[in-house]
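Side-chain atoms are counted along with the backbone in the values below, which use heavy atoms only and exclude waters and symmetry mates.
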Amino acid sequence: MSRSPLAVLTRAGFIGYGLVHLLFAWLILQIAFGKPTEEGDQSGALRTLAEQPLGEFLVIAVGIGLLAMTLWQVYEAVAGHRADRGAERAAERVASAGRAAVYLYFAWTALKVYQAAGSSSADKQQKLSSDLMHSAGGRWLVALAGLALAALGAGLVWYGFVKRFEKHLLTGAMGRTARTVTRRLGVVGYVAKGVAYGIAGILFASAAITYDPEKARGLDATLQALRDQAYGSVLLVLMALGIAAYAAFCVIQAKYRKVDAPDVTSAVRSKVAA
């Protein structure tokens with residue numbers, strides 16, 4: 001197990017990532033019961049965190065952890081996954097590049113929340129979609145973005161259902177109970193995230209077809225749309241529980257995730273000594 005500073009920060013980052021998703025689950029519950037929320041996605045979760053005592057410090061700490069996770073996944077995309085071979089290694093590297101982009105986005109969002117700058121991410125998504133839909137080519141781009149998001153959602157559901165996440169965990173260091181709990185949290189968490197992103201993608205594509213930018217507000221619009229359906233509140237409660245399960249899974253990863261990160265500090269010291 002790597003003990004480099006980057007690996008330590010990455011493991012701390014998983015705790016912060018879990019905290020963000022726990023707050024996201026709380027916002028989903030607020031929407032389920034008809035209570036107003038500023039923004040029903042991970043950005044809104046960070047804003048909620050910033051409003052708590054020591055919230056600004058926690059947001060910066062989460063941002064630093066997410067930045068460390070970004071650097072770790074960039075390294076994995078460039079030189080990692082040495083245990084895999086051929087197409088499997090190539091696929092894992094592409095997946096790491098995707099994770100790096102996601103972690104970087106949330107790190108950037110944490111910085112913006114700390115600075116209290118700009119409008120909500122949902123508003124930005126709606127404005128961008130509206131601007132793009134003024135042209136036929138732009139509407140195609142919005143539709144393709146929606147299909148890509150829906151594909152990501154389907155991929156997350158598959159990833160959780162087949163328990164693909166287990167190959168990235170130090171399962172040998174877990175006891176039987178810990179393995180069982182981790183497996184169940186991972187399955188439920190990834191499936192819940194996948195369903196949320198999948199529905200958001202469908203709404204994006206629908207926005208392009210019907211020329212309705214209101215639908216292109218990402219997860220925020222997804223949750224609002226679900227609440228307006230029959231048994232919508234029940235579905236949202238179940239989704240909140242699933243996202244909370246993913247939050248717990250993230251915290252478990254802080255200890256048991258395989259983190260192969262280079263020790264940059266030692267490398268620099270070695271070169272200086274030489």
Side-chain angles (χ1 to χ4, degrees), residues 1-27 41-81 92 95-115 156 159 165-175 178-179 181-183 185-186 189-190 193 243-269:
M1 182 183 297
S2 176
R3 297 289 184 180
S4 70
L6 179 57
V8 173
L9 285 174
T10 295
R11 294 189 182 282
F14 275 113
I15 296 177
Y17 199 49
L19 177 59
V20 169
H21 280 81
L22 183 61
L23 290 172
F24 178 34
W26 170 249
L27 291 179
D41 60 8
Q42 291 94 333
S43 175
L46 284 167
R47 293 175 192 273
T48 301
L49 178 60
E51 294 169 357
Q52 308 309 310
L54 298 177
E56 292 184 353
F57 168 78
L58 290 174
V59 167
I60 285 298
V62 168
I64 292 173
L66 288 167
L67 185 58
M69 293 169 72
T70 301
L71 295 175
W72 162 54
Q73 283 300 299
V74 168
Y75 169 76
E76 289 280 80
V78 173
H81 304 291
E92 288 291 349
S96 286
R99 293 188 194 103
V102 171
Y103 297 149
L104 181 61
Y105 169 76
F106 285 124
W108 176 81
T109 300
L111 175 62
K112 289 300 181 182
V113 168
Y114 176 76
Q115 295 175 335
L156 288 173
Y159 191 84
F165 53 84
E166 286 190 309
K167 69 172 293 186
H168 299 296
L169 299 176
L170 298 168
T171 53
M174 298 179 180
R179 282 198 301 272
V181 171
T182 300
R183 182 181 297 116
L185 289 174
Y190 275 108
K193 281 193 69 173
I243 298 299
Y246 183 79
F249 178 74
C250 287
V251 174
I252 291 174
Q253 287 188 93
K255 181 176 182 180
Y256 293 111
R257 179 67 184 244
K258 296 176 183 176
V259 179
D260 182 15
D263 191 343
V264 179
T265 303
S266 297
V268 171
R269 288 175 178 173

Roughly how far, to the nearest 0.5 Å, is CZ of Arg99 from CD of Gln73?
5.0 Å
Distance-minimising heavy-atom pair for Ala100 and Val74:
CB-CG2, 3.9 Å
Distance-minimising heavy-atom pair for Gly16 and Val62
CA-CG2, 3.9 Å
Indicate the atoms forming the closest heavy-atom contact of Val59 with Ala110, along with that distance.
CG1-O, 3.3 Å
Of all heavy-atom pairs between Phe165 and Thr182, which one has the smallest distance, and what is that distance?
CE1-O, 4.2 Å
How many angstroms lie between atom CG of Leu104 and atom CG of Leu67, to the nearest 0.5 angstrom?
7.5 Å
Interatomic distance, CZ@Arg183 vs CZ@Phe249, rounded to 0.5 Å, equals 11.0 Å
Starting at CH2 of Trp72, measure out to OG of Ser96 and round the result to the nearest 0.5 Å.
7.5 Å
Straight-line distance of Thr10 OG1 to Leu71 CG, nearest 0.5 Å
7.5 Å
Mind checking whether Tyr17 and His21 have parallel, tilted or perpendicular rings, split at 30° and 60°?
perpendicular
The criterion is side-chain hydrogen bond (donor to acceptor under 3.5 Å, both in side chains); which residues satisfy it with Gln253, sequence neighbours excluded?
Arg257
Test log, rule ring pair (Phe, Tyr, Trp, His ring centres under 6.0 Å), inputs Trp108 and Tyr103:
CA-CA 9 Å; Trp108 176 81; Tyr103 297 149; over 10 Å; no
Quick one: does Lys255's side chain have a donor or acceptor within less than 3.5 Å of a partner on Arg11's backbone?
no
CG/Leu27 to CG/Leu23 distance, rounded to the nearest 0.5 angstrom?
7.0 Å
Looking only at heavy atoms, which two atoms of Gly189 and Ala245 are closest? And how far apart?
N-CB, 4.3 Å
Ala77 and Ala97: which non-hydrogen atoms are nearest, and at how many Å?
CB-N, 3.9 Å
